[in-house]
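What follows is a single structure, written as structure tokens, with notes after it.
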Amino acid sequence: MKVLSVVGARPQFVKLAPVAIALNARGIEHCIVHTGQHYEPALSDIFFEELGIPRPDVHLAVGSGGHGEQTGAMLGRLETVILGQRPDWVLIYGDTNSTLAAAVAAVKIHAPLAHLEAGLRSFNRRMPEEHNRVLSDHAADLCLAPTEAAMTQLAREGLAERSVLVGDVMTDVLMRVRDRVAGSPPRIPDGVTAPFRIATIHRAENTDDPARLREIVLAMQSLPEPTVLFVHPRLRARAAEHGVTLAAGSLHVADPVGYPDLIGTALHSIGIVTDSGGLQKEAFLLRVPCTTIRTETEWTETVDLGWNILVPDPAQGRLLAAVSRSAPPATDDTPYGSGDAAERTVDALLRRVTPPVWPI
Ligand code: UD1
């Protein structure tokens, strides 16, 4: 069997890491294609180095652009790569423009397509990730779901027969890295002392509207304890464009860090404020209370179990009220699996493989 993975953005490198290890352990041929959606070393290379991911076999160097421009630039090049490689599976990850481009490229040339992290929904049609994941699920021959809730959603959309519950591959990575970084010092700017929170904000819904961005930043700046904000390039660019100063009050800024440093620093923090999907889940797995600045979440289990609170509108003390809440209830629930999702992904790929019929 030959698997062709398509990745391009930061969270996809994290998801790829355990899959690459599991495929390698079974001696399965694996071709890694990097679209180049994320190109800064801090968003890309560092993940390959620190998580031990093999270097990409193909790099498309597509870079940034509008949705259509970026996705379109990937589409044609991916078609050429897939036809050249002729894999048994094209494996796509999550919900970025790289995911959608590979889904469309694969389905058009009848390449068998598997979507990892299938079945997640925000039901918010204004999010680019929501279109990407819905379209990718419906293009896929195999939907690899991280949770029971995702399986239920796939069944609702008529995709039950092609869906398999494998668990969450990000949980596999987290469990490995957590043990490795326990006891390491936090990566925080000089002058910040415990107790502190960490924060990340990067979603278009939060960064692109100047009034909303200003409201979020002001709310973080007025929290009583220091907050260390790891600044994603989108946030850096939009804040500069809209004239929003990030570092003021109790808000301290830092450049993005690699995965082990982020997890190591989260372990020292009293709470996390974010709009990232992955970090909400990591907070839960590390049992650090999380506050999510969004109207909804795809990872509903984190909210149901009391470890995550949604704050759609952080103004007028609402962020402060959320981060000051009392400690969440102890739980030993494992809604995201037990760290063997990559193994189960490979099992599912092997079980469902069928010889591709190439158009030419
Ligand atoms: C993308 C994904 C999002 C994911 C996030 C993780 C889509 C639609 N969105 O969002 O789901 O959660 O990655 O980070 O695919 N930029 C740089 N350097 C880089 C990459 C981007 O400066 O290496 C800047 C550019 O100004 C670019 C902007 O960030 O226009 C947005 O980058 P893009 O990849 O389009 O989306 P993200 O916001 O990173």
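The shown structure was predicted, so the numbers you read here are calculated from the model rather than taken from an experiment. In listed order, ligands and their atoms are each counted from 1.
Atoms of ligand 1 lying under 4.0 Å from at least one heavy atom of His232, given by number and element, are 14 (O), 37 (P), 38 (O), 39 (O). Distances below 4.0 Å separate heavy atoms of Asp95 from the following atoms of ligand 1: 11 (O). In the vicinity of Ser64, heavy-atom distances shorter than 4.0 Å reach the ligand 1 atoms 16 (N), 21 (C), 25 (C), 27 (C), 30 (O). Per-residue contacts place Pro11 under 4.0 angstrom from the following atoms of ligand 1 (heavy atoms of the residue considered): 6 (C). Listed by atom number, the atoms of ligand 1 under 4.0 Å from Leu43 heavy atoms are 19 (C), 20 (C), 23 (O).
Ligand 1 has an N or O atom lying under 3.5 Å from an N or O atom of His38, backbone or side chain.
Only the side chain of Glu129 comes within contact range of ligand 1, with a heavy atom under 4.0 Å; no backbone atom does. Residue contacts with ligand 1 for Asn97 involve both N, CA, C or O and side-chain atoms from C-beta outward (heavy atoms, distance under 4.0 Å).
Aromatic ring centroids of Tyr336 and Trp299 lie under 6.0 Å apart. Checked against the 6.0 Å centroid threshold, Phe47 and Tyr259 do not count as a close aromatic pair. Between Tyr93 and His115, the distance from one ring center to the other does not fall under 6.0 angstrom.
No donor-acceptor pair under 3.5 Å is formed between the side chain of Glu130 and the backbone N or O of Met127.
Summary of contacts: the protein heavy atom closest to atom 34 (O) of ligand 1 is Gln37 NE2, 3.0 Å. For atom 5 (C) of ligand 1, the closest non-hydrogen atom on the protein side is His202 NE2, 3.6 Å. Protein heavy atom in closest approach to atom 36 (O) of ligand 1: Arg234 NH2, 3.8 Å. Nearest non-hydrogen protein atom to atom 24 (C) of ligand 1 is Pro233 CB, 3.8 Å. Protein heavy atom at the shortest distance from atom 18 (N) of ligand 1 is Glu40 OE2, 3.2 Å.
At most 12 heavy atoms of other shown residues, nucleotides or ligands fall within 6.0 angstrom of atom CZ in Arg187. Sparse packing is recorded around CD of Glu29, with 12 or fewer heavy atoms of other residues, nucleotides or ligands lying under 6.0 Å away.
Cation-pi geometry between Arg125 and Phe123 is not satisfied (NZ or CZ under 6.0 Å from the ring centre, within 45° of the ring normal).
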**Val33 vs Val7, side-chain contact (heavy atoms from CB on, under 4.5 Å): CA-CA, chis, key distance, verdict** = CA-CA 6 Å; Val33 181; Val7 291; over 6 Å; no
**Request:** In sequence, state the C-alpha distance, the side-chain angles, and the governing distance for Leu165 and Glu148, and then conclude on side-chain contact (heavy atoms from CB on, under 4.5 Å).
**Result:** CA-CA 7 Å; Leu165 178 64; Glu148 292 284 1; 3.6 Å; yes
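The nearest protein heavy atom to atom 26 (O) of ligand 1 is not closer than 4.0 Å.
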